[in-house]
Amino acid sequence: MADEKFQVIVIGAGLAGIAAAYRLAEAGKEVMLVDRGEYPGAKNVSGGRIYTYALKKLMPETWQHAPLEREIKREIMMMMTDADSMMIDTTFASPKAQSFSVLRSSFDAWLASQAEEAGAMLIPGTTVDGLLIRDQKVCGIQTGGETIEADLVIDAEGVNAWVAERAGLRPKVAVNDIAVGVKCVFKLSETSINERFNVSSGEGAAMLCAGDCTQGISGGAFFYTNRESISTGIVADTSSLKASGLSLTDMLERYLRHPAIARYLSGAELIEYSAHLIPEGGFQSLPPLYADGFLIAGDAAGFVINRGFTVRGMDYALMSGIAAAETAIEAIDADDFSKEKLKIYQDKLKPTVLKDLKTLKHAHDYIAHSKYLFTAYPQLATDLMSRLYTADGTPSKSVISMARQMMKDDKVPLFHVLKDAFKGSRSL
């Protein structure tokens, strides 16, 4: 293999990398996809939801054969205190934009098989030690003492993009721009899931939680129903977690025991536990996306947005993989792999991924630094609902009077609430 040369080498068999390899192979280009995992999906972790518009763009004819779990028809937002909870529950008969729960181990393996069938060469269990660079141009990779040359390298190795960092093509990710997540998958029968979430077979629910699930620090919890399992876990801002001195493992156990969560998991069997770093810096933290002979995509580029009520990364990974492949195809046809030619990659991302990241460029800062968002506001919300439903013979008060009194009792200034509401509506 050391004597071979490929038109494109893709590092990382996550969604961005596989999408790029699939689209390149379909176009008849010579592409090798390398991944350090034993098989695609072995090391890939996500909360568990994919928006299918990107999958349809990648493979319009075959996407429906993908091993997706349940179509999300029920959206739940939960505010939690240590004992109580308040939910905003929305059910859609026909969502305008389809999304499905997904298990990455099976989904990524299937997607990689489609890339192989199209003609991509998949080499799992391979660690890339570094990039081959000549005259400031990326010309291939170094792995296991071998050098494999390529006209173009697409880096889709994930948030820990060490290969790009070592080559000086991406700065080290700042701690402030990273969140850490822990995830559990619990086995539960299809019948039990249908009954507990009031859904039919093939239909599912997604729930995002804030408040006591992270013990007041910046972050939240997620909950997705699969066909015969439930994916749930916690995501916490790394800086906030470090400053708090709390244990993420203890936080997860506490969350799983919460009355509002435990009732869904009663009798379920834990079958998987994983952890993952998540890039949340947004538009301001994006690295250079192209260099001579080099493109970067997916989590390695930081293409993730957390708005609190939705978390998106998988669709952006697929879209960036498609854009990277289309750029590579044009470069191959022109026999030009210069930085000037590869700039079209960024142009292809501007109407979709980059536009969203720019629109929501303040989302991470708002979520991470709003003083009361994960402490006082969940408490106020649950207390207000409790009082609204209480009839104990005392004189009734208007909702606004109750809310004002509660803010006064909890020492939350009305001005601060209004400021957060205004800033949140603009940032999110």
Contact summary for Arg70 and Ser201, nearest pair of heavy atoms | NH1-CA, 4.3 Å
Worked verdict on Phe337 versus Ile332 for side chain to side chain contact (heavy atoms under 4.5 Å, CB included) = CA-CA 7 Å; Phe337 305 94; Ile332 291 168; 3.8 Å; yes
Any side-chain heavy atom of Leu252 sitting closer than 4.5 Å to one from Cys184?
-> yes
Can you tell me if NZ on Lys341 sees more than 12 non-hydrogen neighbours from other groups inside 6.0 Å?
-> yes
Closest heavy-atom contact between Asp155 and Val163?
-> OD2-CB, 4.2 Å
Show me the donor-acceptor pairs within less than 3.5 Å that the side chains of residues 350-359 make with the rest of the protein, sequence neighbours left out.
residue : atom : partner : partner atom : Å
Thr352  : OG1  : Leu349  : O            : 3.4
Asp356  : OD2  : Tyr316  : OH           : 2.7
Thr359  : OG1  : Lys355  : O            : 2.9

Looking at side-chain heavy atoms only, is the closest gap between Phe222 and Val311 below 4.5 Å?
-> no
Between Ala109 and Ser105 the two heavy atoms that sit nearest each other are CB-O, 3.4 Å
Within 6.0 Å of CG in Asn198, more than 12 heavy atoms from elsewhere | no
Quick one: are Ile278 and Val180 in side-chain contact, heavy atoms under 4.5 Å?
-> no
Answer yes or no: are there more than 12 heavy-atom neighbours, outside Arg254 itself, under 6.0 Å from its atom CZ?
-> yes
Any pair with a residue in residues 169-188 that passes salt bridge (charged side-chain N to carboxylate O under 4.0 Å, His left out), sequence neighbours left out, goes on the list, sorted by first then second residue, please.
-> Glu165-Arg170
Are Thr225 and Tyr264 linked by a side-chain donor-acceptor pair shorter than 3.5 Å?
-> no
Any side-chain heavy-atom pair from Lys56 and Gln98 closer than 4.5 angstrom?
-> yes
Answer whether the closest heavy-atom distance between the side chains of Met314 and Arg104 falls below 4.5 Å.
-> yes
At what distance, to the nearest 0.5 angstrom, does OH of Tyr224 lie from OG of Ser229?
-> 13.5 Å
Heavy atoms only: give me the nearest Lys348-Ala323 pair and the separation to one decimal.
-> CD-O, 3.8 Å
Point-to-point distance, once rounded to the nearest 0.5 Å, from CG of Leu380 to OG1 of Thr375 = 9.0 Å
May I have the step-by-step check of salt bridge (charged side-chain N to carboxylate O under 4.0 Å, His left out) for Asp151 and Lys5, ending in yes or no?
-> CA-CA 8 Å; Asp151 293 317; Lys5 180 177 179 180; 3.1 Å; yes
Partners passing side-chain hydrogen bond (donor to acceptor under 3.5 Å, both in side chains) against Glu116 (at least two apart in sequence or in another chain) | none
Pick one: which of Met79, Met78, Met80 meets side chain to side chain contact (heavy atoms under 4.5 Å, CB included) with Met87?
-> Met78
Should Val199 and Lys73 count as side-chain neighbours, where that means a heavy-atom distance under 4.5 Å?
-> no
Is the closest basic N to carboxylate O distance between Lys29 and Asp333 below 4.0 Å?
-> yes
Would you call Asp299 and His276 a side-chain contact if the rule is heavy atoms closer than 4.5 Å?
-> yes
Can you tell me how far CD1 of Ile50 sits from CD of Glu69, rounded to the nearest 0.5 angstrom?
-> 12.0 Å
For the residue pair Thr249 and Val182, establish whether any side-chain heavy-atom pair is separated by less than 4.5 Å.
-> no
Within 45° cone and under 6.0 Å: Arg74 NZ/CZ vs Phe197 ring = no
What are the two closest heavy atoms between Leu277 and Val159, and how far apart are they?
-> O-CG1, 3.4 Å
Shortest non-hydrogen separation from Val304 to Pro279 and the atoms involved | CB-O, 3.1 Å
Residue from Ile11, Val34, Asp35, Val128 passing side chain to side chain contact (heavy atoms under 4.5 Å, CB included) with Glu157 = Ile11
